[in-house]
Amino acid sequence: MTERRPRKDALRNRAAVFAAADALFAERQSPDSVTMADIAAAAGVGKATLFRAFGDRTGLIRSLYEARLEPIRSAVEQGPPPLGPAAPPLVRVPALLDAVLCFKLDNRHLALALEQTGGTSPYGAEHYARWHTLLRELLERIPGLPDGGFTAHALLAATRADLVEHLAGEEALPRDEMRAQLAAFTARVLRTEAPSAPNTPT
């Protein structure tokens, strides 16, 4: 039995919804103020269409987040070093964290909206579990580094969307400086020297 492909109009609607949601989250001061009705109106689709496609507001935000994250996931799973599987842990861990930070900077409002969806802890989210598991497994391969699970949580905490929003917004910390500080912090945790510049592209 062949898998059914989404219809062209469904794909167009999905792209329109994602574009509308992106724009609304970027322009509103609080992600909580963006409703399903707002997104439907901006995308030119019915509200019922959104609920059929995504279930609820949280489902829509998660779907949009996962779509935007796909290029990084692909690079991590099958790309070349420093993000890909062939890179040694001491190289790959800083590159992964830098990639997460850059993604949060490029998608600040979306990432913040996802963390503020409420109801469940962000630590139970699928995307967080993936990053934590990968980091923990890499950290456990580094000799002399205790408790990979806790260390993975601590490193990921430096890339939380609310912290990134605070640093980039209220403190107006430049992107390059933020990346350099994360690299230095990671190097101290891993007991290595920080690279002169992050290895992953902006």
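We're numbering straight along the sequence, starting at 1.
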Next on the checklist: Tell me whether R62 is salt-bridged to D56, with the criterion being a basic N under 4.0 Å from an acidic carboxylate O.
Outcome noted: no
Item to check | Heavy-atom side-chain proximity of I142 to L138 below 4.5 angstrom | outcome: no
Item to check | Any pair counted as side chain to side chain donor-acceptor pair (under 3.5 Å), so long as it reaches residues 80-97, sequence neighbours left out | outcome: none
Checklist entry - How close do A157 and L163 get, heavy atom to heavy atom, and via which atoms? => result O-CD2, 3.8 Å
Checklist outcome for this item: So CG of D98 and CZ of R179: to nearest 0.5 Å the spacing works out to 4.0 Å
Checklist entry - Excluding sequence neighbours, so at least two apart, what forms salt bridge (Lys or Arg N to Asp or Glu O under 4.0 Å) with E66? => result R73, R130
Checklist entry - Looking at residues at least two apart in the chain, or sitting in another chain, which of them share a salt bridge (Lys or Arg N to Asp or Glu O under 4.0 Å) with D162? => result R160
Checklist entry - Would L97 and F185 satisfy side chain to side chain contact (heavy atoms under 4.5 Å, CB included), going step by step from the backbone distance to the final call? => result CA-CA 11 Å; L97 291 165; F185 171 67; over 6 Å; no
Next on the checklist: Can you give me the closest heavy-atom contact between L182 and A158, atom names plus distance?
Outcome noted: CD1-CB, 3.8 Å
Checklist entry - Do T133 side-chain atoms and A129 backbone N/O form a donor-acceptor pair below 3.5 Å? => result yes
Checklist entry - How long is the gap from CE on M178 to SG on C102, to the nearest 0.5 Å? => result 10.0 Å
Checklist entry - Are any non-hydrogen side-chain atoms of P88 and R141 less than 4.5 angstrom apart? => result no
Checklist outcome for this item: To the nearest 0.5 Å, atom CG of D22 lies from atom CG of N107 at 7.0 Å
Item to check | Verdict with reasoning, L114 to H127, per side chain to side chain contact (heavy atoms under 4.5 Å, CB included) | outcome: CA-CA 11 Å; L114 182 63; H127 67 89; 3.1 Å; yes
Item to check | Close side-chain approach of L155 to L139, heavy-atom, < 4.5 Å | outcome: yes
Checklist entry - Is there side-chain contact between W131 and V76, with heavy atoms separated by less than 4.5 Å? => result yes
Checklist outcome for this item: salt bridge (Lys or Arg N to Asp or Glu O under 4.0 Å) pairs touching residues 38-53, sequence neighbours excluded, are R28-D38
Checklist entry - Between atom CG of L60 and atom CZ of R14, what is the distance when rounded to the nearest 0.5 Å? => result 8.5 Å
Item to check | ring-ring contact (aromatic ring centres under 6.0 Å, His included) partners for F103, two or more places apart | outcome: Y65
Checklist outcome for this item: Taken to the nearest 0.5 Å, the spacing of T159 OG1 from L96 CG works out to 11.0 Å
Checklist entry - Do L190 and P94 come close enough that some side-chain heavy atom pair is under 4.5 Å? => result yes
Checklist entry - Do you know which two heavy atoms are closest between R68 and A19, and how far apart they sit? => result NH2-N, 4.4 Å
Checklist entry - Where is the tightest heavy-atom contact between P146 and T151, given as atom of each residue plus distance? => result O-OG1, 3.3 Å
Checklist outcome for this item: In short, R108 meets V164 closest at the heavy-atom pair CG-CG1, 4.3 Å
Next on the checklist: As an exercise, state the distance from CG of L135 to CG of L156, rounded to the nearest 0.5 Å.
Outcome noted: 5.0 Å
Next on the checklist: Ignoring hydrogens, what is the shortest heavy-atom contact between A42 and L24? Give both atom names and the distance.
Outcome noted: CB-CD1, 4.1 Å
Checklist outcome for this item: The ring-ring contact (aromatic ring centres under 6.0 Å, His included) partners of H132 (sequence neighbours excluded) come to H153
Next on the checklist: In the structure I gave you, are the side-chain heavy atoms of L173 and Q181 within less than 4.5 Å of one another anywhere?
Outcome noted: yes
